[in-house]
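Reviewing the structure listed below.
Fair warning: this is a prediction, and the values are worked out from it, not measured in the lab. Reminder, nothing fancy here: chain letters follow the sequence lines and each chain counts from 1.
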Amino acid sequence: MSEEKSLNFIEEIISQDLASGKHASILTRFPPEPNGYLHIGHAKSICLNFGLAKRFGGATNLRFDDTNPTKEETEYVDSIKADVKWLGFDWVKECYASDYFDQLYAFAIQLIEKGLAYVDDSTAEQIAIQKGTPTVPGTGNEFRNRSIKENKTLFEAMKAGEFEDGAKVLRAKIDFASPNMHMRDPLLYRIKKAHHHRTGDAWCIYPMYDFAHGQSDSIEHITHSVCTLEFIPHRALYDWCIEQLGIFPSHQYEFARLNMTYTIMSKRKLLQLVQEEQVQSWDDPRMPTISGMRRRGYTPESIRDFCERIGIAKRENIIDFSLLEFCVREHLNKIAQRRMVVTNPVKLVITNYDKGEEVLHSENNPEDPEGGVRDVPFSNELWIERADFMEEPTKKYFRLGPDLMVRLKSAYIIKCDSFEKDAAGNVQTIHASYFPESKSGSDTSGLHVKGTLHWVSAKHAVPVILNEYDRLFSVEDVAGAEGDFKDYINPNSLTTTNAWAEPALINDSLDARFQFIRKGYFYQDTSSTKDKLVFNRTVTLKDAWAKEQKK
RNA sequence: UGCCUGAUGGUGUAACGGUAGCACAACUGUUUUUGGUGCAGUUUGUCUAGGUUCGAAUCCUGGUCAGGCAACCA
């Protein structure tokens with residue numbers, strides 16, 4: 001018997017609702033506002049909502065919460081759809097709150113007729129003052145006593161465009177003494193003479209979140225409406241609207257949103273980074289956006305795995321970025337094609353190699369026996385990493401140095417005989433001799449070495465550009481840090497370098513995943529072309545040597 | 001000094017009155033033609049004070065701490 005994975009608290013509720021017959025099947029929804037690009041926090045919500053439906057045999061709607069025309073754009077709608085699809089999920093219906101504007105308007109009229117909503121002429125400031133404070137009850141005002149007839153006439157006039165923005169609002173008549181601020185006569189509709197990305201200029205009044213979200217859930221017969229913790233105080237109002245309107249009783253459940261170390265999860269701040277050109281775009285590979293992560297080389301599988309591992313609960317959390325990195329490494333290790341790329345090159349001459357050149361073979365993925373091999377040209381002049389040579393090797397240094405031996409990956413064991421420096425004192429050329437009988441795959445030399453280096457043949461190498469990324473911010477808890485979050489931007493979050501690559505990369509497919517041996521996982525950037533290959537580093541390899549060096 | 005949430009190793013997350021488990025991180029060892037991978041192992045935890053009980057992370061009471069709650073945003 002394998003142990004079943006325990007249910008999170010929402011799965012617990014659903015399984016009880018199904019068992020008790022409260023619902024025959026479930027319907028969830030993912031309800032983004034199209035005012036920005038989706039980020040990894042949304043991925044958590046997407047995996048939750050679609051995952052719930054998948055697990056319990058239900059379905060999920062994609063619904064755009066587009067009730068604020070001044071912030072929303074079609075560009076965002078398109079990117080959101082692309083991101084959800086890329087993550088591997090399909091919605092049963094594509095919905096828009098704006099599709100319900102007529103229905104929502106009718107609901108408002110219904111409330112007015114029940115004496116539960118009124119038109120208020122107060123200014124925003126007056127309304128704020130009259131609301132009181134969390135510890136002091138609100139007062140309300142004379143507009144609260146308007147007749148049903150007058151309210152209806154006024155609301156119709158609002159819809160007809162007879163008033164300017166801000167001149168009037170529609171409010172629910174609930175309770176100014178409520179300890180829940182959201183129940184102190186919340187706003188239902190406001191006037192905004194703005195162009196909507198879908199309804200154009202058909203409307204000049206738009207419903208507030210609280211008068212759109214729950215009703216949209218209800219109209220679609222959403223059984224379990226899952227949102228984040230900050231909406232807990234809204235639930236009373238959510239339920240109030242549904243009850244007063246007598247419509248399908250959707251229920252809201254709340255879980256803690258995702259926070260991660262060294263990054264931010266606020267759409268507003270993300271937008272700021274884009275607008276102020278701290279990053280290049282929404283899909284800059286340093287961004288925690290789904291599109292940024294895609295461009296950087298993260299796989300949908302690894303993001304889904306991550307969302308599975310972080311779990312769902314109600315307590316605030318901040319997840320180590322290293323968990324995400326673990327997830328992507330774990331997947332990429334299994335699927336990435338191995339290639340050799342040298343970034344900071346130094347010339348290695350094999351003095352006793354007189355064959356000129358030969359073609360060697362190297363496995364594409366040691367994790368995958370079926371992965372096959374590729375041709376790798378070898379010659380007497382190679383590029384190796386400068387960091388792989390030390391004039392005066394320290395203890396535990398397994399690489400090259402005077403009289404030291406290493407294996408060249410998939411080639412031969414070599415021994416360093418001498419080296420030359422330039423005028424500035426930098427090592428310029430390393431001379432070595434090779435052992436012909438140590439050839440990979442048919443090694444009869446009996447030699448054993450601790451280090452294996454990657455290399456490229458100098459005359460066969462092709463130039464590539466590497467974008468190597470570091471964390472976007474220099475502190476763990478960016479949102480919790482004092483002052484402006486932009487003060488913590490890591491100035492070295494992007495390093496672009498020129499490198500030499502083995503020629504196989506030229507013919508590799510555009511969306512292939514690579515591991516550049518001993519360097520990390522890389523993915524071709526959207527700007528990459530055959531003439532100018534550009535790779536983004538998705539994530540480094542674990543580096544035990546770097547840790548050792550710090551000691 | 002209102003209301004609402006919440007509190008389990010460094011970080012997450014389980015345990016539904018009965019052995020505090022799992023993952024990541026960290027650290028050992030081992031394997032390895034990637035200082036990668038794999039494998040084996042180690043370290044670290046129930047906010048606090050009482051109470052109920054044979055037995056409490058779990059139930060009760062008080063306290064402490066953290067977060068949220070006021071926008072013509074969602």
Exercise. Does A:Ala256 or A:Ala544 map to a spot on RNA chain B nearer the 5' end, using the closest nucleotide for each?
Worked result: A:Ala256
Exercise. From the list B:rG35, B:rG12, B:rA25, which nucleotide is the closest neighbour of the side chain of A:Arg518?
Worked result: B:rG35
Exercise. Which is true for A:Gln515 with a 4.0 Å heavy-atom rule: it touches a base, it touches only sugar-phosphate, or it touches nothing?
Worked result: base
For this session: Can you tell me, in whole Å, how much space there is between the P of B:rG62 and that of B:rA23?
Result: 39 Å
Got a list of protein N/O to nucleotides 5-7 of chain B N/O distances below 3.5 Å?
none

Exercise. Starting at CE of A:Met390 and ending at P of B:rG35, how long is that distance when rounded to a whole Å?
Worked result: 16 Å
Exercise. If we take the P atom in both B:rC27 and B:rU43, what is their distance in whole Å?
Worked result: 16 Å
Exercise. Nearest-Å distance, NZ (A:Lys44) to P (B:rG12)?
Worked result: 11 Å
Exercise. Does any nucleotide pair with B:rA57 by Watson-Crick or G-U wobble geometry, both distances under 3.5 Å, and what is it?
Worked result: none
For this session: Under 4.0 Å between any heavy atoms, over every strand shown, what does A:Ile312 touch: base, sugar-phosphate, or nothing? Just pick one.
Result: sugar-phosphate
For this session: Rounded to whole angstrom, note down the C1' distance from B:rG10 over to B:rC4.
Result: 30 Å
Problem set entry | Integer-rounded Å distance: B:rU11 C1' and A:Asp320 CG | 4 Å
For this session: Remember a base hit wins even if backbone is also touched, and classify A:Phe64 as base, sugar-phosphate or nothing at under 4.0 Å, heavy atoms.
Result: nothing
Problem set entry | C1' spacing across the pair B:rG6 / B:rG63, given as an integer number of angstrom | 16 Å
Problem set entry | A:Thr135 side-chain proximity, nearest of B:rG2, B:rU34, B:rA25 | B:rG2
For this session: Kindly indicate whether a cation-pi arrangement holds for A:Arg338 with A:Phe514, taking the cut-offs as under 6.0 Å to the six-membered ring centre and within 45° of the axis.
Result: no
For this session: Sticking with atom C1', work out how far B:rU61 lies from B:rU52, rounded to a whole angstrom.
Result: 11 Å
Exercise. Parallel under 30°, tilted from 30 to 60°, perpendicular over 60°: which one fits the rings of A:Tyr412 and A:Tyr434?
Worked result: perpendicular
Exercise. How many Å lie between NE2 on A:His448 and P on B:rU31, as a whole number?
Worked result: 12 Å
For this session: On the 0 to 90° scale, with breaks at 30° and 60°, tag the A:Tyr209-A:His234 ring pair as parallel, tilted or perpendicular.
Result: perpendicular
Problem set entry | Pair A:Arg235 + A:Glu254: basic N to acidic O under 4.0 Å | yes
For this session: Just name whichever nucleotide pairs with B:rU64, Watson-Crick or G-U, keeping both distances under 3.5 Å, else none.
Result: B:rA7
Exercise. What distance, rounded to whole Å, do you find between the two C1' atoms, one in B:rU53 and one in B:rG18?
Worked result: 12 Å
For this session: Dump the intermediate steps for side chain to side chain donor-acceptor pair (under 3.5 Å) on A:Asn141 and A:Asp120, then the final yes or no.
Result: CA-CA 9 Å; A:Asn141 58 41; A:Asp120 191 329; 3.0 Å; yes
Exercise. Which nucleotides of nucleotides 69-74 of chain B have their base under 4.0 Å from a protein heavy atom (B), which only their sugar-phosphate (S), and which neither (-), written as one string 5' to 3'?
Worked result: SBSBSB
Seminar exercise, completed: note: A:Arg407, atom CZ; B:rG35, atom P; distance rounded to Å ~ 13 Å
For this session: Would you tell me whether A:Ser438 and A:Ser445 have side-chain atoms, one donor and one acceptor, within less than 3.5 Å of each other?
Result: no
Problem set entry | Whole-angstrom distance between B:rU1 and B:rC60, as gauged at atom C1' | 26 Å
For this session: With heavy atoms under 4.0 Å as the rule, sort A:Phe398 into base, sugar-phosphate or nothing.
Result: base
Exercise. Is any side-chain heavy atom of A:Pro288 less than 4.5 Å from a side-chain heavy atom of A:Leu270?
Worked result: yes
For this session: Would you kindly give the CD-to-C1' distance between A:Glu476 and B:rG12, to the nearest whole Å?
Result: 13 Å
Exercise. Now, which nucleotide makes the Watson-Crick or G-U wobble pair with B:rG41, with each of the two distances under 3.5 Å?
Worked result: B:rC27
For this session: Classify the nucleic acid contact of A:Gly441 as base, sugar-phosphate or nothing, counting any heavy atom under 4.0 Å across all strands shown.
Result: base
For this session: State whether A:Lys547 places a side-chain N or O below 4.0 Å from either non-bridging phosphate oxygen (OP1 or OP2) of B:rC27.
Result: yes
Exercise. Base, sugar-phosphate, or nothing for A:Lys439, non-hydrogen atoms under 4.0 angstrom?
Worked result: base
Exercise. What is the nucleic acid contact for A:Lys450, judged by heavy atoms within less than 4.0 Å: base, sugar-phosphate only, or nothing?
Worked result: nothing
Exercise. Just checking, any donor-acceptor pair under 3.5 angstrom between side chains of A:Tyr238 and A:Asp217?
Worked result: yes
Exercise. Using atom P of each nucleotide, how far apart are B:rU30 and B:rC16 to the nearest Å?
Worked result: 40 Å
Problem set entry | Parallel, tilted or perpendicular, as decided by the 30° and 60° cut-offs, for the rings of A:His196 and A:Tyr206 | parallel
Exercise. Does a side-chain N-to-carboxylate-O contact under 4.0 Å join A:Lys409 and A:Glu363?
Worked result: yes
Exercise. Between the main-chain N or O of A:Gly140 and the side-chain N or O of A:Asp185, is there a donor-acceptor pair closer than 3.5 Å?
Worked result: no
Problem set entry | Proximity to the side chain of A:Ile310 - top-ranked nucleotide from B:rC24, B:rG12, B:rG36 | B:rG12
Exercise. Do we get A:Lys168 above A:Phe163's six-membered ring, with its NZ or CZ under 6.0 Å from the centre and within 45° of the axis?
Worked result: yes
Seminar exercise, completed: Answer for the Watson-Crick or wobble partner of B:rG17, both distances under 3.5 Å, is none
Exercise. For the side chain of A:Glu367 and the base of B:rG36, is some donor closer than 3.5 Å to an acceptor across the two?
Worked result: yes
Exercise. Rounded to whole angstrom units, what separation is found between the CD atom of A:Glu363 and the P atom of B:rU34?
Worked result: 8 Å
Problem set entry | Distance in angstrom units between A:Asp368 CG and B:rU37 P, rounded | 18 Å
Exercise. Using purine N1 to pyrimidine N3 plus N6-O4 or O6-N4 for Watson-Crick, or N1-O2 and O6-N3 for G-U wobble, each under 3.5 Å, what pairs with B:rG2?
Worked result: B:rC69
Exercise. What nucleic acid atoms does A:Glu12 come within less than 4.0 Å of, heavy atoms only: base, sugar-phosphate, or nothing?
Worked result: base
For this session: Could you check which of B:rU34, B:rU37, B:rG35 has an atom nearest any side-chain atom of A:Arg338?
Result: B:rU34
Exercise. Can you find a pair of side-chain heavy atoms, one from A:Ile335 and one from A:Tyr521, that are under 4.5 Å apart?
Worked result: no
For this session: For A:Ile318, answer base if it contacts any base atom (sugar-phosphate contacts may also be present), sugar-phosphate if it contacts only those atoms, and nothing otherwise; contact means non-hydrogen atoms under 4.0 Å.
Result: sugar-phosphate
For this session: Using a 4.0 Å heavy-atom cut-off across all strands, classify A:Arg268 as base, sugar-phosphate, or nothing.
Result: nothing
